Amino acid sequence: MDALRGKVAVVTGAAGGIGGAIAARLRAEGCRLALVDLDAGSLVSAPDVTTHAMDVSDARSWEALAAEVKEAHGGADLLVNNAGLTIHGTFADQSVEDLDRIVDVNLKGVLYGCRAFLPQLRARGAGHVVNLSSLAGRVAFPYQSTYCATKFAIRGFSAALRMELAGDGVGVTAVMPGAVATRLLDAARSYDRRASRKMAELMLEHGVRPERVADRVVRAIRRDEAEVLIGWDARVTTTAQALAPSVLYGALSMAFRARVRS
């Protein structure tokens with residue numbers, strides 16, 4: 001999809017962080033926007049923007065959103081599934097409610113979004129889906145087991161969906177950033193607040209800026225890229241995984257414990 005001006009983009013988790021940066025970048029490209037977040041009051045308000053308060057884990061809300069976008073904008077050309085959350089702690093610590101919530105938001109939210117908007121993307125004769133996975137969708141990290149599970153699933157789903165839509169003019173991109181300077185972990189439920197606070201500080205200090213992620217996402221849409229790794233840590237870690245996975249995972253386990261406990 002080369003020309004973005006005039007296209008209609010649906011962006012979830014758009015009140016801040018990566019979603020907010022992607023929304024701002026797409027608007028700068030001339031897109032009309034349908035912005036979605038639980039906190040609709042923090043969404044940008046403008047003549048070419050509609051805002052929608054929604055929990056992405058609710059399938060019926062997705063169907064209602066698709067109808068609203070059709071009425072307000074004539075249909076969607078782009079769908080950016082960005083909304084997500086994490087939980088910090090060992091898998092053994094997490095409750096069934098924790099597991100349900102992270103799967104419902106991170107994974108089912110993506111599945112429901114694609115299911116609701118594919119008819120519109122196909123009807124426009126072209127379109128693009130961007131699913132936010134993560135470096136944690138390529139490489140596993142301790143104390144992020146359920147987050148990794150959902151992000152690995154998003155990567156696999158995106159690859160399969162891309163093949164299914166190859167003949168329909170609809171592209172699919174899985175985006176896998178490394179550490180990003182957002183408050184994702186700071187706002188997460190944690191079973192070790194001291195450790196998660198330390199990791200959040202490291203992310204804010206050393207992570208790439210959300211604006212850089214947004215720039216790379218727009219380039220991926222234009223080029224119809226299947227997968228995008230963002231950040232030096234993502235490139236280095238995935239290379240290490242390919243060359244020596246057992247060494248990498250041993251080092252990650254040791255380094256994580258040493259840094260968060262210091």
Side-chain angles (χ1 to χ4, degrees), residues 1-15 18-38 40 43-84 105-133 154 157-158 160-175 213-214 217-226 228:
M1 180 181 289
D2 292 328
L4 294 176
R5 182 164 298 279
K7 302 296 185 183
V8 176
V10 179
V11 183
T12 69
I18 294 174
I22 291 174
R25 185 70 170 80
L26 289 173
R27 187 160 184 252
E29 291 289 330
C31 289
R32 292 178 288 146
L33 302 176
L35 303 182
V36 180
D37 204 282
L38 274 173
L43 294 170
V44 172
S45 180
D48 55 349
V49 175
T50 57
T51 60
H52 310 264
M54 194 184 86
D55 183 341
V56 298
S57 68
D58 184 348
R60 291 184 179 180
S61 292
W62 273 108
E63 298 300 328
L65 176 67
E68 291 168 8
V69 171
K70 180 74 171 178
E71 181 177 356
H73 299 285
D77 301 284
L78 293 168
L79 171 63
V80 180
N81 284 307
N82 165 76
V105 172
N106 289 11
L107 180 55
K108 288 185 179 179
V110 171
L111 302 179
Y112 294 157
C114 290
R115 185 176 183 277
F117 277 97
L118 280 184
Q120 293 185 20
L121 300 181
R122 282 172 157 158
R124 308 279 268 203
H128 205 94
V129 176
V130 175
N131 293 327
L132 266 293
S133 179
I154 289 170
F157 167 69
S158 299
L161 184 64
R162 181 180 175 86
M163 289 185 280
E164 292 176 8
L165 298 176
D168 295 333
V170 179
V172 181
T173 300
V175 178
V213 177
V217 166
V218 168
R219 187 166 46 164
I221 294 170
R222 292 189 189 283
R223 295 178 176 180
D224 189 22
E225 296 180 68
V228 176

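What you are looking at is a predicted structure, and each value in this text was computed from that prediction instead of being measured.
For the side-chain hydrogen bond (donor to acceptor under 3.5 Å, both in side chains) criterion with Asp48, the lone passing option out of Arg27, His73, Arg32 is Arg27. Considering Ile18, Leu35, Val36 in turn, Leu35 is the only one that fulfils the side-chain contact (heavy atoms from CB on, under 4.5 Å) rule with Val11.
The shortest distance between side-chain heavy atoms of Leu165 and Leu118 falls below 4.5 Å. Looking only at side-chain heavy atoms (C-beta outward), Ser61 and Asp55 stay at 4.5 Å or farther from each other. When side chains are defined from C-beta on, Val110 does not count as touching Asn106, because their heavy atoms never get closer than 4.5 Å. Residues Leu107 and Ile154 are in side-chain contact: their nearest non-hydrogen atoms beyond the backbone lie under 4.5 Å apart. Considering only heavy atoms from C-beta on, Val69 comes within 4.5 Å of Gln120 through its side chain. Inter-residue side-chain proximity for Val10 and Leu65 is flagged as met; some heavy-atom pair is nearer than 4.5 Å.
No salt bridge links Asp58 with Lys108; every basic N to acidic carboxylate O contact stays at or beyond 4.0 Å. Contact check on Glu63 versus Arg115 returns a salt bridge, with a Lys/Arg side-chain nitrogen under 4.0 Å from an Asp/Glu carboxylate oxygen. Under the 4.0 Å criterion applied to side-chain N and carboxylate O atoms, Arg222 and Glu29 are assigned as salt-bridge partners.
Thr12 places a side-chain N or O within 3.5 Å of a backbone atom of Ala83 that can act as its donor or acceptor partner. In this structure, the side chain of Arg162 engages the main chain of Val172 through a donor-acceptor pair within 3.5 Å. With hydrogens and angles ignored, the 3.5 Å screen pairs no side-chain donor or acceptor of Asp224 with any backbone N or O of Gly171. In this structure, the side chain of Asn82 does not engage the main chain of Leu132 through any donor-acceptor pair within 3.5 Å.
Taking each heavy atom of Arg124 and Gly74 in turn, the nearest pair found is NH1-O, 2.8 Å. A pairwise comparison of heavy atoms in Tyr112 and Val56 identifies CD1-O, 3.9 Å as the closest pair. Between Trp62 and Ala116, the shortest heavy-atom contact is O-CB, 3.8 Å. Considering every non-hydrogen atom in both Ala9 and Leu26, the closest pair reads CB-CD1, 3.8 Å.
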Checklist entry - Should Thr173 and His128 be marked as a side-chain contact (heavy atoms from CB on, under 4.5 Å) after you check the CA-CA gap, both sets of side-chain angles, and the distance that decides it? => result CA-CA 8 Å; Thr173 300; His128 205 94; 2.7 Å; yes
Item to check | Chi angles and distances behind the side-chain contact (heavy atoms from CB on, under 4.5 Å) call for Leu78, Val8 | outcome: CA-CA 6 Å; Leu78 293 168; Val8 176; over 6 Å; no
Next on the checklist: Walk me through whether Cys114 and Asn81 qualify under side-chain contact (heavy atoms from CB on, under 4.5 Å).
Outcome noted: CA-CA 8 Å; Cys114 290; Asn81 284 307; 3.6 Å; yes
Item to check | Stepwise side-chain contact (heavy atoms from CB on, under 4.5 Å) test for Leu33 and Thr50 | outcome: CA-CA 6 Å; Leu33 302 176; Thr50 57; over 6 Å; no
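Checked by atom type, the side-chain pair Ser158/Asn131 shows a donor-acceptor distance below 3.5 Å.
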